[in-house]
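This report concerns only the one structure given below.
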Amino acid sequence: MKNRNVVTKRDILILLVIFAGLIGWAVITTHSKKAAKAVIIVHSKVYKVVSLNEEKTFKINWKGKYLMTVQVKNGAIRAKNSTCKNKICVHTGWISKDGQSIVCVPNHIIIYTEGAKPASCDLMTTQ
Amino acid sequence: MTKIKVLVLSIFTLAAAGVVLFVVISKRPPQYYVRRGIAFGTNVQIAYATKKGNAKVVVDAMFDELERLNEIFNPYVESSELYKLNHSNGKWKEVSPRLLNVIKYSLKFAKYTDDAFDPALGRVVVLWGFNTDDPEKWRLPSPKEISDALKHSGYKNVEIDGNKVRLLNGAWIDLGAIAKGYAVDVLLKMAKLNDPESTGYVDIGGDIGIIGPKYGNKPWKIGVRNPRGDMNDSIAYVYLYKGTIATSGDYERFIIRNGKRYYHIFNPRTGYSPDNFEAITTISTSGILSDAFGTAAMVGGFDKTKKWAKDLGTAYLIVNEKGKVIKSDLWKDYEEP
């Protein structure tokens, strides 16, 4: 009969397997990324959430009025066209990193990314 | 159980606990309630974390406050208090304590900067069309139009008696160079009033105020926009645990005529935009100062900026008219986390 009070190779193997499993879980959990997506806010309400992993072009309409055309491609999003006069949103170009945003003040639209790579800074000071 | 078995099991338990703890700490849920929105005529983002009450309630109250401030300070909305003051035909008009305080501050700053800063250039701003978001309305006025507008401008036309204000010579007040900074101060005060230990930031159209360090002990990394780059192109970074930062520049509201750039900041003496800098970013303890300082500096030029910064304890980064970056010594202190 085996002596149950002695640490056997089998015991160590089981412990090692459990420990390896824990390490694997830790690595996967800490390195797992949320799917990159873009949140579109119109007039303070979430209008749409789109995955940045798909390719599509769509229009933003608000209360029956066309405001903006948005394009998603290669993990990035941009305002392709807008009814606003200053076109600051269109000139912003593509955004693909967390912390970046496209803002159209006249049309009350904000587009920002979530779960993407972080931008180089938390915030940006502009005029 | 043998001692060896107890030892092995203890080590295993400790190691396993270590792994779990590491994961829990590194994956802790975000502490910040973040809200983005259009308010005060610009893009606003607020991040707030507090152990007192609900962060969302406080941030929502901040956005409501911005709506109230807009109803005071937006001179181009007929319902606003400032619009009504500007159209009071030279009569004494009682104003709210907030409007009075900001007008008083702006007059003090105008005197301090030897007239480089002037809150009563509304006529000039409207003449150039920079009061609107519509680039089709931005234009180069004739020299006569400009000299006429200047006759109805200037902070010396603003008189205060108690809580009443009178505007002479048809002058119009435009607090665009100072109102965002004031709003930053108001929101910071609200955040700290709720919880002195709270952290986060307020960002009102690029005028940023730090409520407290990120997660309580880390600085917020802030990029300074390249005045000749795109929206997300930074030319420098600073790390702020507290304080405010604001930028004035020539790159958002501008027109180019005959190869020359004209933008929304004006020299009160000429009625034209100055040529000193492409942009200046200022760090100080107060949002209203950081905001006003930039406008005064764009008009005053480098030597005056240097002197004012020394007097007022502000840090600056200038991109001069040739695109050269000039940093004050104090600015360099913020470049390391």
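Lettering follows sequence order; numbering is per chain, from 1. What you are looking at is a predicted structure, and each value in this text was computed from that prediction instead of being measured.
Distance CG/A:L123 to CD1/B:I222: 5.5 Å, rounded to 0.5 Å. Atoms CH2 and SG, from B:W220 and A:C121 in turn, are 12.0 Å apart once rounded to the nearest 0.5 Å. Residue A:S44 holds its OG atom at 8.0 Å from CD1 of B:I38, rounded to the nearest 0.5 Å. Rounded to the nearest 0.5 angstrom, B:N232 CG and A:K97 NZ are separated by 9.0 Å.
Side-chain atoms of A:D122 and B:K214, non-hydrogen and from C-beta on, do get closer than 4.5 Å to each other.
Heavy atoms of B:D203 lying under 4.5 Å from chain A belong exclusively to its side chain. At a 4.5 Å heavy-atom cutoff, B:A39 makes no contact with chain A through either its backbone or its side chain. Residue B:D233 touches chain A through its backbone alone, counting heavy-atom pairs closer than 4.5 Å. In this structure, chain B has a heavy atom under 4.5 Å from the side chain of A:I110, while its backbone stays farther away.
More than 12 heavy-atom neighbours from other residues, nucleotides or ligands sit within 6.0 angstrom of CD on A:E55.
Scanning both residues, A:Q127 and B:D250, for their nearest heavy atoms gives OE1-N, 3.5 Å. The two residues B:S234 and A:M124 make their nearest non-hydrogen contact at OG-SD, 3.2 Å. For A:T126 against B:Y251, the heavy-atom pair with the smallest separation is CA-OH, 3.5 Å.
Inspection of the A:T125 and B:T247 side chains reveals an N or O donor paired with an N or O acceptor under 3.5 Å.
Close approach to chain B, defined as a heavy atom under 4.5 Å from one of its heavy atoms, is seen in A:K85, A:N86, A:I88, A:T92, A:I95 of residues 68-96 of chain A, taken by number.
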Applying side chain to side chain contact (heavy atoms under 4.5 Å, CB included) to A:Q100 and B:M231, what does each step give before you reach the verdict? CA-CA 9 Å; A:Q100 295 179 332; B:M231 288 288 182; over 6 Å; no
